[in-house]
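Atom set for the values below is all heavy atoms of this structure, side chains included, hydrogens, waters and symmetry mates excluded. Labels below follow one simple rule: chain letters A, B, ... track the order of the sequence lines, proteins then strands, and each chain is numbered from 1.
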Number of protein chains: 2
Amino acid sequence: MSRRVLVVDDEAPIREMLVFVLEQNGFQAIEAEDYDSAIAAMVEPYPDMVLLDWMLPGGSGIQIAKKFKQSEYTRQIPIIMLTARGEEEDKVKGLEVGADDYVTKPFSPKELMARIKAVMRRVSPTSLEEAIEVHGLRLDPISHRVTSAGNELDMGPTEFRLLHFFMTHPERVYSREQLLDHVWGTNVYVEDRTVDVHIRRLRKAIAPLGHDRLVQTVRGAGYRFSSKV
Amino acid sequence: MSRRVLVVDDEAPIREMLVFVLEQNGFQAIEAEDYDSAIAAMVEPYPDMVLLDWMLPGGSGIQIAKKFKQSEYTRQIPIIMLTARGEEEDKVKGLEVGADDYVTKPFSPKELMARIKAVMRRVSPTSLEEAIEVHGLRLDPISHRVTSAGNELDMGPTEFRLLHFFMTHPERVYSREQLLDHVWGTNVYVEDRTVDVHIRRLRKAIAPLGHDRLVQTVRGAGYRFSSKV
DNA sequence: GTAAACTTTCATAAAACTGTCATACTTAGT
DNA sequence: ACTAAGTATGACAGTTTTATGAAAGTTTAC
């Protein structure tokens with residue numbers, strides 16, 4: 001599973017923002033606001049990663065990093081430090097102490113998650129992205145496979161991404177435009193109606209076991225993935 | 001449906017963070033990074049709200065706010081300004097220019113969304129996309145579904161909008177003309193009596209569990225959605 | 001460099017939805 | 001009761017929206 005992230009920052013708003021982004025991306029967040037609470041999180045179950053503000057009052061950020069790197073059990077837990085823009089010295093010092101990467105404030109969610117995933121991939125290559133299963137339809141991002149009752153279902157890359165998006169955002173209507181944004185990517189010029197065709201292919205691909213009914217048309221609004229039939 | 005938010009900030013990371021939080025909360029975000037692109041967004045379909053960084057280079061944040069408050073069509077669009085911590089002067093000036101509220105950077109997603117929802121509620125009390133339930137009849141705008149005791153009720157787009165309008169404006173009579181304005185949209189040429197037909201269709205759709213009695217005829221005046229029977 | 005696999009667009013068929021009408025019903029007042 | 005005005009309802013013909021097969025253009029993998 002390996003998806004627990006310890007967030008250490010003394011500023012509540014920033015901490016909450018980090019937690020929000022992490023949770024929206026399927027991570028579990030543990031919060032700490034100072035040295036003591038961070039150290040208190042150095043117990044089982046150990047976090048799988050630490051997001052650490054370098055600017056903690058009293059310079060305790062660096063102390064926390066050292067502490068993590070000293071202990072036998074927490075040494076290999078990756079640490080990403082959060083630094084203010086331009087504090088080059090801190091970055092150097094941080095990497096010396098054992099931080100694995102750093103993110104500059106302010107950060108975009110995309111950048112943050114990219115760093116986190118990159119670091120996690122480096123440390124434990126297979127821990128990211130767990131399989132999702134709905135009504136016997138199983139999508140495994142790691143093996144990049146969709147199965148149903150043991151049978152592998154064959155589909156193209158776009159259909160896979162579409163299904164992945166749907167399964168991670170169920171019970172919600174998406175317009176064709178929104179789907180293009182989320183699955184195809186922003187500023188991609190593609191006809192709205194193209195979505196129809198891929199929906200069609202996705203349905204066809206998962207139809208053998210009747211899962212096509214999970215992909216529902218909402219006339220005038222778009223499409224929805226729902227286990228409620 | 002009132003969920004489009006214009007985000008104006010010159011710093012890409014912050015802008016992306018705002019967009020991320022908004023989209024995760026079901027809003028549609030439009031991005032602008034400077035004065036020109038913000039003004040370019042002052043067209044149909046108008047945004048329903050503006051999140052505006054006060055610290056735009058060249059002080060253009062305040063110019064944008066003024067521009068919005070000057071135009072007939074955008075005057076009533078609420079503006080929430082983003083300010084750095086402690087810039088009390090800016091807050092005062094902002095509120096003078098017509099901003100509706102402000103959020104201090106750094107902000108937590110919870111606070112941000114609370115402000116946005118509060119302002120939206122103040123401006124258009126019914127535009128928030130939360131599920132509404134009356135007497136066991138439940139309408140969920142997110143999944144675009146109407147259910148009653150677990151059963152999904154099937155209806156056309158117009159009936160859905162009509163019901164949505166009714167449920168967000170209960171206990172109040174609306175003439176056929178008013179309903180046309182609110183549900184069909186302004187400057188739409190449609191016979192008054194058409195409303196009757198859609199009322200009929202709506203009633204038929206929600207009748208299975210007896211909810212049709214919630215849609216009441218007020219002879220000589222129009223129709224009313226009321227839980228009082 | 002070529003074959004295979006994918007994507008996108010297009011054309012057409014199939015569904016679902018709309019606005020109007022004509023007719024049947026109700027209600028309120030005489 | 002009878003009438004006039006207002007409402008309910010079923011039907012239908014035209015539109016709009018979706019579904020689908022196939023063609024044309026791209027990318028990917030040997």
Side-chain angles (χ1 to χ4, degrees), chain A residues 144-146 152-166 173-185 187-208 211-226, chain B residues 144-146 152-166 173-208 210-226:
Chain A
H144 205 278
R145 218 170 231 170
V146 181
E152 176 159 5
L153 301 176
D154 193 42
M155 66 184 73
T158 304
E159 285 72 45
F160 184 87
R161 289 202 308 279
L162 183 57
L163 179 59
H164 190 201
F165 176 76
F166 270 142
V173 197
Y174 288 95
S175 69
R176 292 177 175 70
E177 245 180 77
Q178 290 176 309
L179 288 173
L180 285 175
D181 276 355
H182 285 118
V183 178
W184 274 252
N187 35 27
V188 172
Y189 146 75
V190 170
E191 202 67 32
D192 264 21
R193 287 287 146 200
T194 298
V195 174
D196 296 33
V197 179
H198 287 279
I199 287 280
R200 156 75 174 138
R201 295 203 186 114
L202 173 57
R203 279 176 174 158
K204 202 183 244 177
I206 64 178
H211 289 116
D212 54 324
R213 60 185 184 170
L214 297 177
V215 178
Q216 303 164 0
T217 302
V218 180
R219 179 174 249 265
Y223 297 95
R224 169 181 62 203
F225 185 86
S226 170
Chain B
H144 206 281
R145 236 178 194 150
V146 181
E152 175 159 9
L153 301 176
D154 195 42
M155 65 185 72
T158 304
E159 286 72 46
F160 185 89
R161 289 202 308 277
L162 183 56
L163 179 59
H164 191 197
F165 177 76
F166 270 142
V173 194
Y174 288 95
S175 70
R176 292 177 175 69
E177 257 181 54
Q178 289 176 309
L179 288 174
L180 285 175
D181 276 355
H182 286 117
V183 178
W184 275 252
T186 334
N187 35 28
V188 172
Y189 71 98
V190 169
E191 202 66 34
D192 265 20
R193 286 288 145 199
T194 297
V195 174
D196 296 33
V197 178
H198 285 279
I199 288 280
R200 157 71 176 145
R201 291 181 182 143
L202 173 57
R203 281 175 173 157
K204 202 184 241 177
I206 64 179
H211 292 299
D212 53 325
R213 60 185 183 169
L214 296 176
V215 179
Q216 302 163 2
T217 304
V218 181
R219 189 185 171 84
Y223 297 95
R224 170 181 60 203
F225 185 86
S226 169

(message) Tell me whether Arg145(A) contacts the main-chain N or O of Glu152(A) through its side chain, where contact means a donor paired with an acceptor under 3.5 Å.
(response) no
(request) Answer yes or no: does a side-chain N or O of Arg193(B) lie under 4.0 Å from OP1 or OP2 of dT7(D)? (result) yes
(request) Take Ala221(B) and Thr217(A), find for each the nucleotide of DNA chain D with the closest heavy atom, and name the residue whose nucleotide sits nearer the 5' end. (result) Ala221(B)
(request) Return the value, rounded to whole Å, for the distance between atom CD1 of Ile199(A) and atom C1' of dT18(D). (result) 11 Å
(message) More than 12 heavy atoms of other residues, nucleotides or ligands under 6.0 Å from CD of Glu177(B): yes or no?
(response) no
(message) Taking the minimum atom-to-atom distance to the side chain of Pro157(B), which one of dC17(C), dA8(D), dA28(C) wins?
(response) dC17(C)
(message) Less than 4.0 angstrom between a side-chain N/O of Trp184(B) and OP1 or OP2 of dG19(C), yes or no?
(response) yes
(request) Calculate the interatomic distance between Gln216(B) atom CD and dT7(D) atom P; express it in whole Å. (result) 14 Å
(request) Return no unless some side-chain N or O of Tyr223(B) is found under 4.0 Å from OP1 or OP2 of dA8(D). (result) yes
(request) Please report, rounded to the nearest Å, how far the C1' atom of dT18(C) is from the CE atom of Met155(B). (result) 16 Å
(message) Of the listed nucleotides (dT18(D), dT9(D), dT9(C)), which one gets closest to any side-chain atom of Glu191(A)?
(response) dT9(C)
(request) Check whether the side chain of Arg219(B) and the base of dT27(C) form a donor-acceptor pair under 3.5 Å. (result) yes
(message) Are the side chains of Tyr223(B) and Phe166(B) in contact, using a 4.5 Å heavy-atom criterion?
(response) yes
(message) What is the separation between atom NE2 on His198(B) and atom P on dT9(D), rounded to the nearest whole Å?
(response) 15 Å
(message) As an exercise, state the distance from NE2 of His198(A) to CE of Met155(A), rounded to the nearest 0.5 Å.
(response) 13.0 Å
(message) Side-chain N or O of Thr158(A) versus OP1/OP2 of dC6(C): is the shortest distance under 4.0 Å?
(response) no
(message) Looking only at the side chain of Asp196(A) (C-beta and beyond, no hydrogens), which of the listed nucleotides dT20(C), dA19(D), dC10(C) gets closest?
(response) dA19(D)
(message) Between Lys204(B) and dG10(D), is there a contact of a side-chain N or O with OP1 or OP2 at under 4.0 Å?
(response) yes
(request) Please work out which of the three classes, parallel, tilted or perpendicular, describes the rings of His182(A) and Tyr174(A), given edges at 30° and 60°. (result) perpendicular
(request) State which of dG19(C), dA22(D), dT27(C) makes the closest approach to the side chain of Arg201(A). (result) dA22(D)
(message) If you assign each of Arg176(A) and Arg200(A) to its closest nucleotide in DNA chain D, which residue comes earlier from the 5' end?
(response) Arg176(A)
